[in-house]
Each structure stands twice: as structure tokens, then as C-alpha cells.
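Hydrogens, waters and symmetry mates are skipped; everything else that's a heavy atom, side chains included, is used.
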Amino acid sequence: MASFSSSCRSWLLLVIIGVISLRHSSLVLAEENRSRGFGDHIEWKGLEDGLAEAKAKDKPLMMLIHKTWCSACKALKPAFQKADGEIAKLSKYFVMVNLEDDEEPKEEKYGPDGKYIPRILFLSSDGEVDDDIQNVEGNPNYVYFYSQADEVAASMKETLRKMAPNVISEHGEL
């Protein structure tokens, strides 16, 4: 009877270790795939990690909010996929946050003119949304909606001029 009990315990221990390993693998995989088609070469973060890093590094934050089922969101992906593109080059001066589906924050400040998608918001290093950084080329009813790479890049540059002028002075006009 004692050997049965010992073998049951060993089996149970192996099952527990397997479950823990599987859970850990899933978490690591989720972090590795944070790009979700929006550019593997960009260092994407989740909201909590992004806000903490922005504060610690005194960097502005770009927040992309999208849904897996959204056709406009899918259409925006190529704008971020070029490793040598303007968004990729500018992203190194930002903390880049990629929020999908249920990760969308519920607080009203993250939907200044509505909860449409996709929307891109720019935040200070203190985590405050800058309502003035908008897609000036887009629809005036949806000022945080972007559909083209040049629109995103223009707002990224505006954010750097406003929130990180030292980047402009060190690197010239980006």
C-alpha cells in the first residue's frame, strides 16, 4: 500500500509540474507574440508594463487599441510591419503599448471621443493622455483613428516635438 501511495504522489507531483510549466510557457509565448501582426521588430508592451516603463525611462507612450475581428484594424497592420519604415524608426523613442480585445482599458480617459477601433493614443511619461495629438489628416469625428503609416508617423513626430524635444534637438528633424 505504501508503494502505491508513493507512486500516486510522484504522479501527482509530475502533473503539477507539467501544469506549471505549461502555464509559464503560455505566458512567455504571449509576451513574445505581443506584436499581433503589428511588427515583430517593435518592442510592444502591455498596459501596466508600458506605463511603468514610460515613467521609469521618462518616455512618451504610444497606445494602440484594436480588436481581432476588426477589418480596419487588420488593414492598419501593414503600416507597422516594415522593419525599416518610419514607424519602426520612431518607435525606439516611445514605449509602445499594444492592446487587443479584452485588454482595452475601461477608463474613459482612453476613449476621449469614443471607443471606436482602431485608435491610437499618445500619453505622457506620467500616463496622461494628450487629447491634442490627433490624426489631423483623418476624419474629424474620429480623431484617434489612423489608417495610414504616414498619419501615425506624423503624430509620433508631433508627440516627440511636444513631449521629448531633446530627441529632436539630438537627432534633428525626424
Side-chain angles (χ1 to χ4, degrees), residues 29-54 57 59-165 167-168 171-174:
L29 187 58
E31 285 305 310
E32 288 173 1
N33 292 326
R34 179 138 305 267
S35 73
R36 296 157 172 159
F38 283 93
D40 292 336
H41 52 281
I42 295 173
E43 188 180 333
W44 293 104
K45 304 281 182 195
L47 183 56
E48 276 188 40
D49 290 343
L51 289 170
E53 184 173 322
K57 293 185 176 179
K59 283 178 139 183
L61 183 147
M62 187 187 105
M63 179 187 296
L64 167 64
I65 302 169
H66 61 99
K67 305 288 183 189
T68 52
W69 49 263
C70 167
S71 59
C73 301
K74 291 174 187 174
L76 183 59
K77 288 181 179 186
F80 288 85
Q81 290 174 345
K82 292 182 182 174
D84 61 344
E86 199 167 14
I87 293 172
K89 291 174 184 171
L90 291 168
S91 72
K92 66 185 172 185
Y93 304 111
F94 288 82
V95 174
M96 302 289 284
V97 171
N98 185 332
L99 304 175
E100 181 179 79
D101 295 333
D102 293 338
E103 296 171 339
E104 179 179 0
K106 306 294 185 240
E107 295 94 334
E108 288 299 315
K109 73 178 187 175
Y110 298 119
D113 68 340
K115 295 281 188 164
Y116 54 85
I117 48 165
R119 67 185 181 282
I120 296 176
L121 303 172
F122 293 91
L123 288 72
S124 69
S125 60
D126 291 327
E128 295 303 315
V129 175
D130 188 327
D131 297 341
D132 295 330
I133 308 230
Q134 305 172 352
N135 182 2
V136 295
E137 299 297 321
N139 184 329
N141 295 318
Y142 305 102
V143 296
Y144 306 104
F145 175 88
Y146 295 79
S147 61
Q148 303 294 321
D150 59 334
E151 296 169 346
V152 177
S155 287
M156 291 174 87
K157 290 176 183 178
E158 177 61 24
T159 301
L160 291 174
R161 279 191 284 278
K162 191 172 183 180
M163 295 185 198
V167 171
I168 303 296
H171 300 283
E173 193 61 33
L174 298 171

Task: Y144 side chain reached by Q134 side chain, heavy atoms, under 4.5 Å - done: yes
- [ ] Identify the two heavy atoms, one from L160 and one from P60, that lie closest to each other, and give their separation to 0.1 Å.
- [x] CD2-CG, 4.2 Å
- [ ] Decide yes or no for L51 and V97: does some side-chain heavy atom of the first lie under 4.5 Å from some side-chain heavy atom of the second?
- [x] no
TODO: Check for a donor-acceptor pair, side chain of R119 on one end and backbone N or O of Y142 on the other, with a separation under 3.5 Å.
DONE: no
Task: Over 12 foreign heavy atoms within 6.0 Å of NZ, K57 - done: no
Open item on the list: I'd like to know if the side chain of E103 and the backbone of E100 have a donor-acceptor N/O pair within less than 3.5 Å.
Closed with: yes
Open item on the list: I need the S91 OG to M156 CE distance, nearest 0.5 Å.
Closed with: 5.5 Å
TODO: Would you name the heavy atoms of S125 and A54 that are closest together and state the gap between them?
DONE: CB-O, 3.4 Å
Task: Exercise: identify the closest heavy-atom pair between F122 and V152 - done: CZ-O, 4.5 Å
TODO: Locate the shortest heavy-atom distance separating C73 from C70; write the atom from each residue and the value.
DONE: SG-SG, 2.7 Å
Task: Spacing of CG belonging to L76 relative to OG belonging to S71, to within rounding of 0.5 Å - done: 11.5 Å
Task: I42 vs I87 side-chain heavy atoms within contact, under 4.5 Å - done: yes
Task: Separation of Y116 OH from N139 CG (nearest 0.5 Å) - done: 8.5 Å
Task: Euclidean distance, E107 CD relative to L47 CG, rounded to 0.5 Å - done: 7.5 Å
Open item on the list: With a 6.0 Å cut-off (strictly less than), is the heavy-atom count around NZ of K109, excluding the residue itself, greater than 12?
Closed with: yes
TODO: Measure the spacing between NZ of K74 and CZ of F38 and express it to the nearest 0.5 Å.
DONE: 10.5 Å
Task: Pair R161 + E158: basic N to acidic O under 4.0 Å - done: yes
TODO: Please confirm whether the backbone N or O of R36 pairs with a side-chain atom of W44, one donor and one acceptor, at under 3.5 Å?
DONE: no
Open item on the list: If we ignore hydrogens and angles and just use 3.5 Å, is the side chain of E104 paired with the main-chain N or O of L99 as donor and acceptor?
Closed with: no
Open item on the list: Return the CE to CD1 distance between M62 and I133, rounded to the nearest 0.5 Å.
Closed with: 12.0 Å
Open item on the list: Does any part of the side chain of L121, heavy atoms only, come nearer than 4.5 Å to the side chain of Y110, both counted from C-beta?
Closed with: yes
Open item on the list: I'd like to know if the side chain of N98 pairs up with that of H66 as donor and acceptor (distance under 3.5 Å, no hydrogens or angles considered).
Closed with: yes
- [ ] Kindly indicate whether the side chain of D130, heavy atoms from C-beta on, has any atom under 4.5 Å from the side chain of M163.
- [x] yes
Open item on the list: Using side-chain heavy atoms (C-beta onward) and a distance below 4.5 Å, is L123 in contact with V129?
Closed with: yes
Open item on the list: Applying side-chain contact (heavy atoms from CB on, under 4.5 Å) to K157 and L90, what does each step give before you reach the verdict?
Closed with: CA-CA 8 Å; K157 290 176 183 178; L90 291 168; 4.0 Å; yes
